[in-house]
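Keep in mind that this is a model prediction, so the values were computed, not measured. Ligands are counted one by one from 1 in listed order, and the atoms in each one are counted from 1 as well.
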Amino acid sequence: MTSAHERWTPRFHLAPRRGWLNDPNGLCQFHGTYHVFYQADPTWPTPGKRGWGHFASRDLVRWEDLGEAIMPSIPEDADGAYSGSALVVAGGAPGGGDLLRLYYTGNVKYEGDHVHTGRDANQIMVTSEDGVSFSEKEVLLRPGDYPADLTRHVRDPKVWEQGGRYYMALGARRADDAGNVILYESADAVAWACRGRIESAHPFGYMWECPSVISLGGRDYLVVCPQGLPSEPTRWQNLYQAGYFPLPQGVLETTQVDEATFVELDWGFDFYAPQAFTDEGGRCILIGWMGMPDAGYTSTPDGLAWCHCLTVPREVTVGADGLLRQWPVTEIDGLRGFAQPVSPAVGAILPHHHADIELAGIEGDLELGLDGRLGLSFSADDGLLGMAFRDEGAACGRTERLMPLERLRELRVLVDGSAVEIYVNHGEAVLSTRWFPTADTLLVTLHATCERARSWEMGGEAPSA
Ligand code: FRU
């Protein structure tokens with residue numbers, strides 16, 4: 001019998017060995033090495049202050065745990081080094097080498113309601129020439145530098161270069177409770193001037209967190225995480241959302257977005273604060289947090305030493321409909337080991353909870369079960385795909401999610417300990433969830449008509465120190 005810790009610890013999803021993780025931060029590839037920073041609270045479950053933890057990899061599958069990268073240490077980040085991004089500047093170092101710039105929000109709390117009063121958000125930068133040691137902190141923007149109609153919530157700088165200039169998008173909450181993105185511009189990526197904002201035509205949540213911009217196929221997509229959208233049966237089912245607006249114009253020409261065009265990036269229970277970056281090979285890669293702030297469900301049922309994980313790196317492309325597709329980077333395929341057929345009428349018993357299950361050429365309705373506890377069902381008549389827990393022990397408060405879907409053709413299910421990512425129709429949609437199975441083997445039940453159904457045992461190992 002394996003322990004809960006062994007069964008639930010992922011092999012190819014990034015999770016801290018100890019402590020807390022939330023948003024992915026500072027995603028980049030610098031001198032060939034992929035860097036994934038993340039919101040970390042190493043002292044969790046004793047509440048401490050958030051900073052940036054650091055994983056690095058040459059291949060997106062074997063990761064090194066580099067410990068803490070940025071922790072609160074100055075008055076301007078006294079209560080947390082919050083989320084932010086990376087900018088690689090070729091030849092930007094004083095000696096002519098390349099420079100990695102990391103931007104984050106220094107959070108400071110004092111007496112007040114922490115929305116309209118009692119909080120400072122400072123945008124701060126550190127630099128690095130090797131990706132592992134970081135400079136002194138430099139405070140770039142302070143509360144007095146933001147538009148006067150904002151609350152104290154202004155954070156999560158996403159910085160990029162465009163046409164020889166630098167731009168920073170900040171997530172913000174306006175005093176009248178409207179989510180906004182505030183845009184700054186700079187010639188040197190150090191001195192910033194406010195150039196405008198992006199807002200929705202009609203109210204669309206009170207706060208937008210973690211902005212990111214994806215430029216693909218000649219089009220810009222503005223990624224944001226709106227808070228405060230009312231849950232409906234087939235959309236916005238999570239407490240907070242993570243999605244994007246396909247922009248009719250370039251992001252720099254955009255001042256208003258049509259909220260009706262907002263597309264959710266994931267339909268599962270556990271997905272938030274995604275960040276995208278372009279790697280040295282030109283791929284757009286997105287990683288999300290497999291968690292949900294303030295959710296009424298737990299991710300540490302028996303007191304695991306670690307809390308939360310990230311999604312696998314997903315390659316983002318554009319479909320013929322102009323919408324984004326997400327698919328595990330091909331490096332994940334390299335972890336596939338022993339292959340086993342899955343019977344479309346029965347299913348299969350897999351040796352453990354680390355598997356890559358692929359169903360292709362699906363016709364009509366489908367029922368897929370994992371351990372009899374987590375079910376996926378598609379009804380062509382209803383035009384709905386549902387993911388539902390049938391067992392509270394495995395669900396830990398998660399219930400059911402529904403998404404509109406006309407036709408189901410393909411499914412790919414990554415099971416990795418307590419992490420499950422379900423890719424629909426080659427990445428047209430994704431549903432991510434945590435779950436807490438108790439069996440040693442993974443029982444897959446399947447009732448479907450499909451041309452091909454098979455599964456691979458997945459290798460991989462937790463990040464090494
Ligand atoms: C999103 C978020 C960010 C913030 C960070 C703090 O989950 O609230 O807006 O920077 O988490 O950990």
### Task
Could you walk me through whether R165 and E185 pass the salt bridge (charged side-chain N to carboxylate O under 4.0 Å, His left out) test, one step at a time?
CA-CA 7 Å; R165 307 275 299 172; E185 182 171 352; 2.9 Å; yes
Tested for side-chain hydrogen bond (donor to acceptor under 3.5 Å, both in side chains) against Q123, the lone hit among Y104, Y82, Y146 is Y146
Handout entry: Within 45° cone and under 6.0 Å: R412 NZ/CZ vs W327 ring
Key = yes
Provide, line by line, the atom pairs where ligand 1 and the protein bring an N/O atom each to a distance under 3.5 Å; else say none.
unit_1, atom_1, unit_2, atom_2, d
ligand 1, 7 (O), D23, OD1, 2.8
ligand 1, 7 (O), D23, OD2, 3.3
ligand 1, 8 (O), E209, OE2, 2.8
ligand 1, 9 (O), R155, NE, 2.8
ligand 1, 9 (O), D156, OD1, 3.4
ligand 1, 9 (O), D156, OD2, 2.7
ligand 1, 9 (O), E209, OE2, 2.9
ligand 1, 10 (O), S83, N, 3.1
ligand 1, 10 (O), D156, OD1, 2.5
ligand 1, 11 (O), N22, ND2, 3.3
ligand 1, 11 (O), D23, OD2, 3.2
ligand 1, 12 (O), N22, ND2, 3.0
ligand 1, 12 (O), Q39, OE1, 2.7
ligand 1, 12 (O), R50, NH1, 2.9

So the side-chain hydrogen bond (donor to acceptor under 3.5 Å, both in side chains) pairs with at least one residue in residues 246-259 (sequence neighbours excluded) are H202-E259
Under 4.0 Å between a Lys/Arg side-chain N and an Asp/Glu carboxylate O for D120 and R142?
-> no
**Message:** I'd like to check H353 versus D416 (side-chain heavy atoms, cut-off strictly below 4.5 Å). Are they in contact?
**Reply:** no
